[in-house]
Amino acid sequence: MKCKVCGGKAVISLRAYNSALCEKDFISFLENRVFKTIKKYKLINDKDKLLIAVSGGKDSLSLWYILNKLGFNADGMYIDLGIGGYSDLSLEKVKKMSDMLKRPFYTFHLNDAMGKGIEAISKKIKRTTCSACGMIKRYIMNRVCLDKGYNVIVTGHNLDDEASALMGNLLYWKEEYLWKKGMMLNEEEGHLSKKIKPLFLCSEREMAAYAVLCGIDYIYDECPFSIGAKSLFYKELLNRLEDNSPGTKLQFLKGYLKFIRQMNIEKNRREMKYCINCGYPTVSDKCNFCRIMEKYGIERNIIFEEYRPTYEVFE
Ligand code: SF4
Ligand code: ZN
């Protein structure tokens, strides 16, 4: 198999693009893809202050690395869910990348701030672990942006994540999610941070190859609570479709975005207030997070530990 660009030995075949590339050209291809996505969809502007949610996995760490390489400065945010050795090892990987990029990051330790890890919290508030985790992560990410002066949350969701989420939302016609599912969500404009997903056109396989070829040290294990998740089943189904007809996932997502644009769907804007407990933007008197944690008597000291690499770059 020869590289389509230089004729050298190809290390990866990209059937969706009817192409195969050598190590050097694949790395350029992927970085270029991220750059073009940012430019085409106007994800970042000059004044934006970026905060990237890093989990220690291949996608978020690679994205942090790529953004830095492309000249977009981003600081990190790691949420320590208190899942024993898994969380400790993830944090180590994040620290290593922070040192390498010389960019600081914040950590929110659930055990310290809320007295319990994610499993115990979810039991207490009677939600599934992933649902509790999603709610807490959303709150904490927005909270750190508001408190520390960032206005954009960057996440490492890739093509497979987005395609499987879209599939799930379509299968069950979850309208409340369907119409706001984009690569850039200005949910409550002017109040909450903008959320962007610059990897939404890069597949999981491409991201894994990129991380390995660039020597990015990431945690291979998945979160133990992801076992049996529906999203993994949808990913498997989509991969079977992709095997049969390469390019299906890209078509699925791009077609959806085009449809959303053409329909020009207006989001319902509701009047925003501020939570009487914590000052967080909300549509009622108390934000969802405060309401639930208060109801089940869970403490919450919102404190962020700051990690500063030795040779930090100051702007
Ligand atoms: Fe949170 Fe783990 Fe569930 Fe992901 S799989 S939402 S990290 S608990
Ligand atoms: Zn609140």
Side-chain angles (χ1 to χ4, degrees), residues 52-61 76-91 93-94 107-111 113-114 116-147 153 155-158 160-162 164-165 168-169 177 187-188 191-193 195 197 204 218-236 272-304:
I52 178 164
V54 275
S55 64
K58 65 181 187 319
D59 302 302
S60 57
L61 289 186
M77 171 78 214
Y78 173 72
I79 300 181
D80 167 11
L81 297 168
I83 312 177
Y86 171 78
S87 293
D88 298 341
L89 188 58
S90 308
L91 179 56
K93 307 287 181 195
V94 174
T107 305
F108 181 78
H109 298 279
L110 247 68
N111 273 323
M114 303 177 71
K116 295 175 183 49
I118 192 63
E119 193 176 10
I121 293 178
S122 65
K123 280 190 182 134
K124 187 116 198 225
I125 67 173
K126 299 184 174 56
R127 287 198 177 199
T128 63
T129 318
C130 293
S131 147
C133 178
M135 180 201 41
I136 293 173
K137 276 185 183 165
R138 265 193 304 281
Y139 180 85
I140 297 302
M141 287 304 298
N142 278 304
R143 182 87 254 171
V144 75
C145 277
L146 292 170
D147 291 0
I153 297 173
T155 65
H157 291 96
N158 60 38
D160 296 56
D161 297 325
E162 291 303 289
S164 74
N169 289 337
Y177 296 115
E187 279 168 6
E188 277 87 15
H191 292 282
L192 294 180
S193 332
K195 298 184 185 83
K197 302 169 185 172
E204 192 139 342
Y218 65 91
I219 183 158
Y220 292 95
D221 296 332
E222 296 288 342
C223 170
F225 297 105
S226 68
I227 297 166
K230 259 193 188 166
S231 57
L232 293 184
F233 178 57
Y234 296 150
K235 280 185 184 179
E236 217 181 288
M272 296 300 293
K273 298 177 183 176
Y274 294 94
C275 173
I276 53 170
N277 269 348
C278 71
Y280 186 85
T282 172
V283 286
S284 50
D285 289 340
K286 272 187 200 164
C287 71
N288 204 22
F289 179 81
C290 284
R291 217 170 20 81
I292 294 174
M293 299 307 157
E294 213 169 80
K295 180 173 171 195
Y296 293 99
I298 295 179
E299 63 180 282
R300 49 201 188 282
N301 304 305
I302 308 299
I303 29 169
F304 304 110

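None of these values were measured; they are calculated from a predicted model. First listed ligand is number 1; within each ligand, the first listed atom is number 1. Side chains included, hydrogens not; waters and symmetry mates left out as well; all remaining heavy atoms used.
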How wide is the angle at the Zn ion (ligand 2) between SG of Cys290 and SG of Cys287, to the nearest 10°?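 Approximately 100° at the metal, rounded to tens of degrees.
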What do we get for Glu222 next to ligand 1 when only non-hydrogen atoms under 4.0 Å count, side chain, backbone, both or neither?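 Answer for Glu222: neither.
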I want to know whether Tyr280 and Tyr139 have ring centres closer than 6.0 Å.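 For Tyr280 and Tyr139, the ring centres are under 6.0 Å apart.
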Atom 2 (Fe) of ligand 1: the protein heavy-atom neighbour that sits closest, reported with distance to 0.1 Å: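 Ranking protein heavy atoms by distance from atom 2 (Fe) of ligand 1, first comes Cys223 SG, 2.3 Å.
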Nearest protein heavy-atom contact for atom 3 (Fe) of ligand 1: which residue, which atom, what distance?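 Scanning the protein heavy atoms, the shortest distance from atom 3 (Fe) of ligand 1 goes to Cys130 SG, 2.3 Å.
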Under a 4.0 angstrom heavy-atom cut-off, which atoms of ligand 1 come close to Lys137?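 Listed by number with element, the hits are 1 (Fe), 7 (S).
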Which of the numbered atoms in ligand 1 are below 4.0 angstrom from a heavy atom of Ser226?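 Checking each atom against Ser226, I get 5 (S).
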Closest non-hydrogen atom pair between Pro224 and Ile83, with its separation: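 For Pro224 and Ile83, the tightest heavy-atom pair comes out as CG-CG2, 3.6 Å.
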In a check of side chain to side chain contact (heavy atoms under 4.5 Å, CB included) between Ile292 and each of Lys126, Arg127, Lys286, which one passes?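 Output: one option passes, namely Arg127.
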Is Arg300 close to Asn277 at the side-chain level, that is, under 4.5 Å between some pair of heavy atoms?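 Counting from C-beta outward, Asn277 and Arg300 do come under 4.5 Å.
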Answer yes or no: is there a side-chain heavy-atom contact under 4.5 Å between Phe108 and Ile302?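 Touching, per the 4.5 Å side-chain cut-off.
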Considering residues, nucleotides and ligands other than Phe233, do more than 12 of their heavy atoms fall under 6.0 Å from its CZ?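 No, the 6.0 Å shell around CZ holds no more than 12 heavy atoms from other groups.
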Let me check your reading of the structure: within less than 2.8 Å of atom 1 (Fe) of ligand 1, is there an N/O/S atom from Cys133?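 Under 2.8 Å: Cys133 contacts atom 1 (Fe) of ligand 1 through an N, O or S atom.
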